[in-house]
Each structure stands twice: as C-alpha cells, then as structure tokens.
Amino acid sequence: MKTRFLTPIATVVCLFGAAASYATGKVWEEKTAAIGTIKELPRGVLDKKQLNDLIKVGEDLFTAKFTKADGAGRPGSTQAIVPTKVRHRSEQAFARLSGPDAQACSSCHNDPIVGGAGDFVTNVFLSEGFTNADFDTSDPQFSNERGTNHLFGAGLIELLAREMSDDLAKLRSRALKDASTSGEPVEVALTTKGVTFGFLTAMPDGLVDLTKIEGVDTDLVIRPFSQKGVMTSLRQFTVNALNHHHGMQAVERFGARWTGENDFDEDGNDNEIFAQDVSALVAWQATLKTPVQKTPASEGWRTAAQKGESVFTELGCATCHIKALPLKSLNFIDPGPFDVAGTLNNRQIDKSATYDLALMEWAKSLPRNDKGEVLVALFGDLKRHKMTDRRIAALGNELLSQRFVGRDIFMTSELWGVGSTAPYGHRNDFTTLDSIILAHGGEGRAARDSYDKSGDGDKSALIAYLSTLVIAK
Amino acid sequence: MRYSSKLISLLLGCSLVGSPVVAESEVPFTFDVPQMEEVAASAGLHHSYEGPWEFFVGGGVASFDCNGDRMPDLFMAGGTAPVQLFVNRSKAGGDIKFEKVAIGLSERDGAKALGAYPLDVDNDGHTDIVVLRLGENLVLKGGPDCSFTKVNRSFALEGGSAWSTGFAASWENGAQFPTLAFGNYVDRRAPGSPWGTCEANVLAKPNSDATTPDYSSSIALEPGYCTLSMLFTDWNKSGTPALRITNDRQYYRGGQEQLWRIPANGAPRQYGRSQGWKPLRIWGMGIAEADLDQDGLPEYALSSMGDTMLQSLDKEADTDRPTYRDTAYEKQMTAHRPYTGTDLKPSTGWHTQFADINNDTRLDLFIAKGNVEAMPDFAAFDPDNLLMGGVGGKFHEKGKEAGIALPTRGRGGAVVDLNADGMLDMVVVNRKAPASLFQNRGAKTSWGNRPMGNWLAIELDNGKVNQFAVGAKVTVKTGNVTQSRRIQVGGGHASGQIGFVHFGLGVAERAKIRVQWPNGDWSHEYRVFANNFVQVTKDKPDALYWYPKP
C-alpha cells in the first residue's frame, strides 16, 4: 500500500523551481514524477516565471501516461461525477463505455497538437455511472458517444462564461429588488454580452419563475464546457475527466472529506491527485493559446475566405456563432467562483491563485474594442440550442439526456479552430464542414436552409473562410 | 478503505483518552464538523425557561415564518416566564438577528407554557401555533405580520386543564382540517400523585361537516402513560399514519411506549403484544423519525435518561405487526453519558431531531441534554449531543468539536437554517438559563471557516388545504443516493417546526426531487440545482427558486 498524506498547510515547500526536475527515484520508474511535486496550492497573483513553472507541471501531467503506481484505474468505483461504488468489478483495466479509456489526457486531446481535438477513434462514452450498464458496449441506449473537443483558448472561454454568469445573477438580483420595491412581478430579459437567455419573472416575495429562460441552467450559471454545456469550469472538467478516463481520483472530490476514504476507488493508492495537481492542469489548459485565423498562402483561398466571411454573416451563421464576445478581464482565478462543493472553489480556500493571461505571448495580439475589452473570437454564444426538427434530425441521435439537458440540445460549438478539428458534430459523425452545416436543424435550421439554397460560390467561400480558423501548430 | 496503522492508533488513542463513552468504530470520522458558534446574546435572543417541578419538563420552541418573508421566526415557551416571539431579522448569509415582538396574549395565557407547535389549522395561509400549557392549551391563529389571536372558542377546542407535554397533528385523507393529538403528563389532582397517576391523552378530530375548524368532540386515548412526545407516523407505509407516543417511566405504573392505530372511522386502538408490539419502558422524552436506510420504513430515535434508543423494524415485523428492535448500540448512537467532562453518570436526553448539519448527505442526530433538575444519579454536566452520521451508518459524537458542549440543561430545540445560508443552525431552550443559539459557521480551518457540502431547501405547497403538506414525503436523489424527509408536526420535545425542508447534497451539483403528497399521489420529477431554495407546488410542472434578501 502506498499512502500519501495530505501536506499540512503550514508546510512550506517551494513550488517554483520544482518543475525543473522531479527526480526523486529511478528515471525508469513507472510512475508520474510530476504528481505531488507542488506542495502547496498556488495563491495570489503569479508572476510570469511562477505561472510558467506551474504550466510546465500542468503540461507534464496532461501528457503523462498515468500508471497503476500513480493510482490509475478505479476497480472499486465508477466514472460517475458523484463518488459511486461499482456493483460489479471489471477484470479489465480499460473499458470503452465506463472507462477508464485512456492513459493520458493527450491520448485523445492531440489533434493537431497536444491540447487539440481527436478523431472518431477518440470518441468517449457518457454513461453516467449510476444505474446504467457496467458492461462494455457502445449501444446508444446505454451511453451518449461524443467526440473529443479541443482546449485552445479555454481560459478565455471560462472567463467569458464567468462574466456572463455574473451578469445574469445581477439581472436576477435587480429584478428581485424591483419586484420587492414595487410589489409587482417584474419580468427581465436575460441578456449578457449581446446574447439573450430568455426571461425570468421575479415575484415580490422573492420567488423566481424560470420557465421562460433559454439555453442556460436554472441557476443561471453558464457552463461553457462539453458539447452539452454542462461543465462549469476547467477545474470541474479536469476532476471529472481524471476519474472518468484515467481512474485518477482528485482528493477535492473523492477524498476522505467527502467519501470517508482516502482510497475510494480501492486500487491501493491513497489521495491520488491533490488539489495543487489539479491546479497545474487547469493552469496549463487555461493558458493554452487561442486558435487563429490564418492567412492562406494562395491568392484564391484568400479571396474566397474574404468573401466567405461576409457569407457567414449573411446566411445567419453569426446569429449563434457570434464572431467575438467582449471580455473585461484577463485575470483567471483558480479555484474559481462558480464551482460548488466537489470541485474546489474560491469559498473553500483562503485565497485563490490569479493567472494574468495577459502575461502569455499569444495574448499580446488579442484585439480589443474601444472600451479596452478583449474581443474573444470564439465564434460562439455559450448558449445551448435545440438542434433538431422534424425533417433535419441528424444531430438528434442520442437517446439519453445529460445532466438535465435534453437529448437534442447542445451548446453552440465554438468555431475557432474548426479548420483543424475534423471530423465534426458531437459524435464526430461528419467528415466535412458542408455536411455538418447541412445537419443543423431546430434553431440552426434557418441558417442551414440559407446555406443549402445559396449558390456553389457562396458555399465554397464559406468553407474557405471556416478553413482558415485553425489551431496553429 | 486504507489508513495507516499509525493514524488509526493515534485516532483510537485520542478516542480512548478523550471520550469515555464507547469504543468507537475504527473507522475515523473524516467528514466536516461544523463550528457552531453560540450567538444568542448578540442575536437578540434573550429567553429562559423557568418554573418549579411542573416545568422540569417542557421548554419548547416553535420555528416557522409568521410574516411571510420565509425566514424562520421563533415562538418560545417560558414556563412561569411569559412566552416570547422573536421575529427573524437576519440577512441571508449574515449574522443571525432576532427582534422580540409583542404577541398580545393576556398575562394568564402567556404563562405556564411548556411547548409550542406550528401548523396552519384553518388553511388561511398563516401559520397558527398550538401552545401546550399547564392548564388550558391554546390555539393561536396566525394573521398578517406575526399577529396572533386566541381561537379556542371559535375552533370549539376545549383546551382542558391538564399538564400537556406532547402534541402531534395530521390531516386524515380528505379532511379539511387536521386531527390534533395532545399528550398529557401527570394528573396532579389524582390520589397518590405523581406516582402512577398519568393523565389520559386526547385526540381531537375536526367535525367533518364544518367549514371552519370545529373540535367540539374529542376522544380520550386511554391509558395514558405520562407522555412527553407524540408523532403521527406512517410506520408501515400504509398511507394511514399511526400515533407513536413516548412515555416517562418515572411516573407510570405498568406503562410502556405506545403505538395507536388511528383509523379514519372507528375508535383508536393501541397495538399490543399480540400484534407484535414489544413493551419498552424508558424515560421517553422525545421522538425523532428518519428513514436512515431508505427502505421506506422509518427509524425512530427516542431520547431518554441513559440510553438513547434507535428503533428499527425487526425481521419479525409485518405490515400490521410493529415489532421493533433497538439498533442504537450497533449504530454508535446510545449517547448514554456525557462525552466530555468528568461526570460519568447517565445523561438525560430531551429534544431529538435528525438533520444533515454538515450537508454531507448523511443524517446527523441532535439531542438536547440536561439534568431534570438536581437528580443525583444522573449527570449534572450533560452537554447536548451532535451525533454525526458517518461511514456504514455509524454515528460519531462531535458535540465538543462543534462547540455545543455547554453546561446548560437543554430541553426543547430546533435545528433550522436561521440565516438562509444553507447551513443548519440550532436553537436550544435551556431550563433556568438563557436559551442557546448556535450559528453554523461551516467547517473550521486554519484560515477561517469554509462552507461544507452542497444543499437544497424545499418548500412544499399542497394547495388550499394543508398548504404546508403535513404528511408528505419528500425524496431527493443525487446519483445513486436517495434521501427522504417526512413533513411532520409533532415529535421532538415540546418543539416543532414548519418551513423549508433541508437536504445536504454533498458533492452533487444537481438533484431530482419527487414528492408524495399527503393524499398519496406522487409528483413527477423536479430537476433543480444545488444550493438553492426551491418551492414545489402540487400539480405545477416546474419548481420555483426563492432568493432571500441579501
């Protein structure tokens, strides 16, 4: 048995510099040296060197092939986001449906480079791990199959979501205050950064009717990650994924504070991933560069792309795939404000760390508006939409809702990097941009029909334009 | 589970040195322990339960909202001191604040109160209060802005002249108004009193033909065995609650704990030995119900002098055969003597209440403790218990660590979120001492306090009749964990509460709610997010969220 004890807060071990070398044992030892290297949770504003050191550990963890000695595998528990014991133990180390299904994060997130998306072969299966099958099958009645998303620009995405969630909470508070003052119900449009999430009605007694909200959860927290838009933060995504895909259980959710056990997955390893390890992974992901719009080498492509940019707007694509959303602050705080117990958040610790994304080289070229806000060219709205209708229903191929979100409702895919991340669609079912555009039903139907009716020239121009949105190698 | 042998040795060593109570399980308690800060004085809650022998028992508090702001207000019995009403002035997440307001009762009616239970008897949307007294019991009809009017006469309720110490209420299926049960203690006027002179209990059913509450006829539940707590409970999932009564062996002769069938039509009948009911004789002080193993069949914690009992249906039980066995020892819940200090005599338990005080999904048990007065064979220093639910259904005493081990004589109490921060606070009525008010600050750390697990607070609206859905069962599902609570008026020790039902959700971010309404109908599933107050209204498709004023 290997036992890792939680390091007392008072123990001060220098974080920075630790990343240079993890050598504590034999170099061929089959375990990940980066785990546990950081002794304290980062706190306060990190300078460039401190941030880079943390990122280095995060990258090493992201690319590490976790081993049994690290704690990989979870024979005694499931992939569920709430710690759940298995009913039947698997004889296999890996399984497609229930996981673990990868040895490293980068096993799937690698196209075109580490942190990127994945081909169909990297699809994952979202069986909640509570009552669904614990046998291995890809039958859709037991799980939803999803492609691997890329993570580039993810820090900015999370910051946008936080600012939007803040805005929505303020709108709710103001409506409640107005209703209390006036003694009458007050309806308010939930609009933030130009994106409307429907309406809510606040009653004078503090009750809130949420039946008219659109594309966001009833707590009005924008959850920007996953195709379904059900993950609040990179931190929550990381804790979920470490358990699901690798059987590496983070102490902040699976530790004794919540489960009564240090080895909840019963694999012989206590306290497999500490909060500071998760922080390093978050730092690496949050500081990944943004995708870019490349300038094609050929004149023909350049011309077509230029035309395609106009077509993109004219056809209505930009209604949901909004080219850019304004972001007020580049300070990425981790642990963050919108996670709840089970994912470390800023209420659970004395002081969070602040990563100033402006320190990153890629951030220097980010465009700003006249208010000084960064324009995040995500080509998305961070809102969920129904993507099927009676005639166009190819994206309605899932049988199970996920975390209260209907089976044919998905978060608008951010198109930055789309030129580098084929195949397309939530299940990676579509090999071409043309085919995924034509698969848009429901709320995307009007734009899709405009595209379908447009001439070959416009279609070609649009594809040319989208193909310039790439992840630079 | 794996723990280093050194760690286990250390923890066991601490347990043996620090706790003289029982050899606890070798599984340490690793969950959050809340820091309960005593804030009664700063919160403006100044109250003491006073009086001679007749007020050795009682000392109740009713927790409910009397002014429509959904914040719990407190009505406190004072014994020979007057009853007091404290209106909640707390801001959400802030320090708890109360303001004492006048009730408008006569000096006579405001005195000699032993207990108080809130419920909306007349379905007008304002919570009423049933006040248990030494002498005439009262029904105070609630009105706007915490106004109350004595309505015994208009409700045709004969308040009696007994020494009343227990109360429970239930809406029979289809009834417009609740059935009221009053538990009485010693008949002081009987020859030989107090020994063997227990007063009969009273069951008051509403006149089914009346359009307003009419309790002009009542039934004596005889024999009475000096009742100190009673509770309508659906012990066998029949849909028709029976009346469970805990009695004080100090004064009865030939008595025992009781369970009465209360049929809609026909006379109440007490379960006897031939129906599987095993006589149990304890100094019964309080009842708390919870379905700890989620089998649909509730367990009952019974406070007493010495052992606390935890009754679970035995394998010999059947749907009409209420055979119970005590599981307190195996669950580490006996709490039979003080867990700290040098006084090793048996302790004396009063108010009991299950609640998830650290929001970890595991129910905890609060027991108000305190010597009756100066009984030499029982502990004089007898701190309140906080038995926290742990792994394997075992309970761990954490009263000292939480900060509630005070040298008071606790009686009634309420475990309720008083400042809308999602963490349960505690109010304890103490005999001949200021009431305690423990504000839950969250888990203590080296840098301050941090919130504990996620939570959910649910308010039910059953419609025009029985609006607060007394008798309903609320279930909350997170992952594979299902929790349930029954909405009840009764139990505890002379203390009741109406309002939001609290659930700890641990690390779950979402939850699914289903309600079995008092008429037996199950609701559809309501999907809600953690850390919210929600209102579920019968036959409405969506839950509403409620936000307290900041």
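Every chain is numbered from 1, with letters handed out A, B, ... down the list of sequences.
Partners of D408(A) by side-chain contact (heavy atoms from CB on, under 4.5 Å), not counting sequence neighbours, listed by chain and number: K386(A), T388(A).
Residue contact with chain A, scored on non-hydrogen atoms closer than 4.5 Å, involves the backbone and the side chain of A508(B) alike. With a threshold of 4.5 angstrom between heavy atoms, V230(A) approaches chain B through its backbone and through its side chain. Heavy-atom distances place the side chain of T84(A), and not its backbone, under 4.5 Å from chain B. In this structure, chain B has no heavy atom under 4.5 Å from any part of T343(A). In this structure, chain A has a heavy atom under 4.5 Å from the backbone of V528(B), while its side chain stays farther away. Contact of E509(B) with chain A is made through backbone and side chain together, with heavy-atom distances under 4.5 Å. E252(A) does not touch chain B: none of its heavy atoms, backbone or side chain, sits under 4.5 Å away. Using a 4.5 Å cut-off between heavy atoms, N454(B) contacts chain A through both its backbone and its side chain.
More than 12 heavy atoms of other residues, nucleotides or ligands shown are found within 6.0 angstrom of NZ on K85(A). Crowding of K97(B) atom NZ: a count of heavy atoms from other residues, nucleotides or ligands under 6.0 Å exceeding 12.
Minimum heavy-atom separation, P83(A) to V507(B): CD-CG2, 3.4 Å. The shortest heavy-atom contact between V391(B) and G260(A) is CG2-CA, 4.0 Å. In plain terms, the two heavy atoms of R403(A) and R510(B) that are nearest each other are CB-NE, 3.3 Å. Closest of all the heavy-atom pairs between T259(A) and R362(B) is O-NH2, 4.1 Å. Pairing each heavy atom of G506(B) with each of A341(A), the nearest pair is O-CB, 3.8 Å.
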Check: Would R87(A) and N480(B) count as a side-chain contact (heavy atoms from CB on, under 4.5 Å) if you check the C-alpha gap in whole Å, the side-chain angles of each, and the deciding distance to 0.1 Å?
Finding: CA-CA 11 Å; R87(A) 293 180 179 171; N480(B) 282 347; 4.0 Å; yes
Margin query: Checking F529(B) against F404(A) for the side-chain contact (heavy atoms from CB on, under 4.5 Å) test, could you report, in this order, the C-alpha distance in whole Å, the side-chain angles of both residues, the deciding distance, and whether it holds?
Written below: CA-CA 10 Å; F529(B) 280 80; F404(A) 301 174; 3.9 Å; yes
Check: Between Y545(B) and L210(A), is a side-chain contact (heavy atoms from CB on, under 4.5 Å) present by the stated rule, with each step listed?
Finding: CA-CA 8 Å; Y545(B) 285 22; L210(A) 296 155; 3.8 Å; yes
Item checked: Criterion side-chain contact (heavy atoms from CB on, under 4.5 Å) on D32(B) and R257(A), from CA distance to verdict -> CA-CA 7 Å; D32(B) 283 339; R257(A) 181 184 178 202; 2.7 Å; yes
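Taken to the nearest 0.5 Å, the CG atom of D542(B) stands 9.5 Å off from the OG1 atom of T218(A). To the nearest 0.5 Å, atom CG of residue D219(A) and atom CG of residue N531(B) are 9.0 Å apart. Note: L544(B) CG to L200(A) CG = 11.5 Å, rounded to the nearest 0.5 Å.
Of all the listed residues (Q535(B), R527(B), K549(B), K512(B)), the one sharing the greatest number of non-hydrogen pairs under 4.5 Å with chain A is R527(B). Here D217(A) is the residue among D209(A), T232(A), I81(A), D217(A) with the most heavy-atom pairs under 4.5 Å with chain B.
Side chain of W546(B) to main chain of D205(A): a donor-acceptor pair is present (N/O by atom type, distance under 3.5 Å, no hydrogens or angles).
Contact annotation for residues 166-182 of chain A against chain B (heavy-atom separation below 4.5 Å, listed by residue number): R172(A), L176(A), S180(A).
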